[in-house]
Amino acid sequence: MPRPPLLVLVVVLAGCGGGATRHAAPAAKVDHVHADSYPVTLRPAEPLGFWRKVELSPSLKWWLGQWSGECEVQSTYLIPARGGKPRPILGPADESSALGWTRNGKAKILIPNGPCGGSRHPAGVYAVDPDTLRLTLLKRVKPRVGGA
């Protein structure tokens with residue numbers, strides 16, 4: 001089965017830290033993505049930030065999205081492939097990065113435990129069941145300075 005295309009959306013924001021107070025740009029109203037023959041509207045996940053990347057699942061049922069929010073804290077979401085409300089994979093204080101999909105259709109994320117966000121989960125790479133949001137640790141990693 002051919003690998004679905006990876007769509008990367010890039011916008012430059014102010015970095016985390018630094019002397020002056022800086023805020024992420026307000027979220028765009030919608031981002032449009034074309035999946036095969038139908039357009040998909042990706043709604044903003046949060047009031048401030050942008051979609052950094054999204055990747056379609058092998059089953060073509062889900063988008064795995066990485067949201068870059070205020071202070072560039074990264075968080076991951078699952079979005080129904082034909083559009084709908086983004087579902088956060090972790091809690092609001094948990095920083096994570098989207099890595100892609102496993103062969104058996106689970107989302108793959110990195111939880112770095114970086115200084116710009118925390119997590120109640122150990123630093124590592126996790127598989128996430130898109131239907132239940134159940135996390136399975138695949139590999140532990142050292143906490144990363146600066147996050148993902």
When rounded to the nearest 0.5 angstrom, what is the spacing between CD1 in Ile109 and CD1 in Ile89? 5.0 Å
Please check this pair: side chain of Arg87 against backbone of Pro80, looking for a donor-acceptor N/O pair closer than 3.5 Å. no
Residue pair Pro112 / Ser96: nearest heavy atoms and the distance that separates them: CD-CA, 4.2 Å
Could you tell me which non-hydrogen atom of Ala123 sits nearest to which non-hydrogen atom of Lys142, and how far apart they are? CB-C, 4.2 Å
Nearest-0.5 Å distance that lies between atom CG in Leu138 and atom OG1 in Thr102: 8.0 Å
Please identify each residue that fulfils side chain to side chain donor-acceptor pair (under 3.5 Å) with Tyr77, with sequence neighbours left out. Glu46
Does any part of the side chain of Trp62, heavy atoms only, come nearer than 4.5 Å to the side chain of Asp131, both counted from C-beta? yes
Measure the NE2-CG distance between His121 and Leu135 for me, rounded to the nearest 0.5 Å. 5.5 Å
Of all the heavy-atom pairs spanning Val141 and Leu110, show the shortest one and how long it is. CG2-CD1, 3.9 Å
Once you round to the nearest 0.5 Å, how far does CH2 of Trp101 lie from CG of Leu64? 5.5 Å
Main-chain N/O of Leu56 paired to Trp63 side chain as donor or acceptor, under 3.5 Å: no
Considering all heavy atoms of both residues, which atom of Gln66 and which atom of Ala98 are nearest to each other, and what is their separation? OE1-N, 2.9 Å
If I compare all heavy atoms of Gly84 with all of Ile79, which pair ends up nearest, and what's the gap? O-CG2, 3.7 Å
Testing the 3.5 Å rule here: is there a donor-acceptor pair between the side chains of Ser68 and Gln74? yes
Any residue meeting side-chain contact (heavy atoms from CB on, under 4.5 Å) with Arg140, in chain and number order, not counting sequence neighbours: Pro122, Leu137
List the atom of Pro86, the atom of Trp51, and the distance in Å for their closest heavy-atom pair. CG-CZ2, 3.8 Å
Pairwise distance CH2(Trp67) to OG1(Thr76) - rounded to 0.5 angstrom: 13.5 Å
For the NZ atom of Lys106 and the CZ atom of Arg134, what is their distance to the nearest 0.5 Å? 7.0 Å
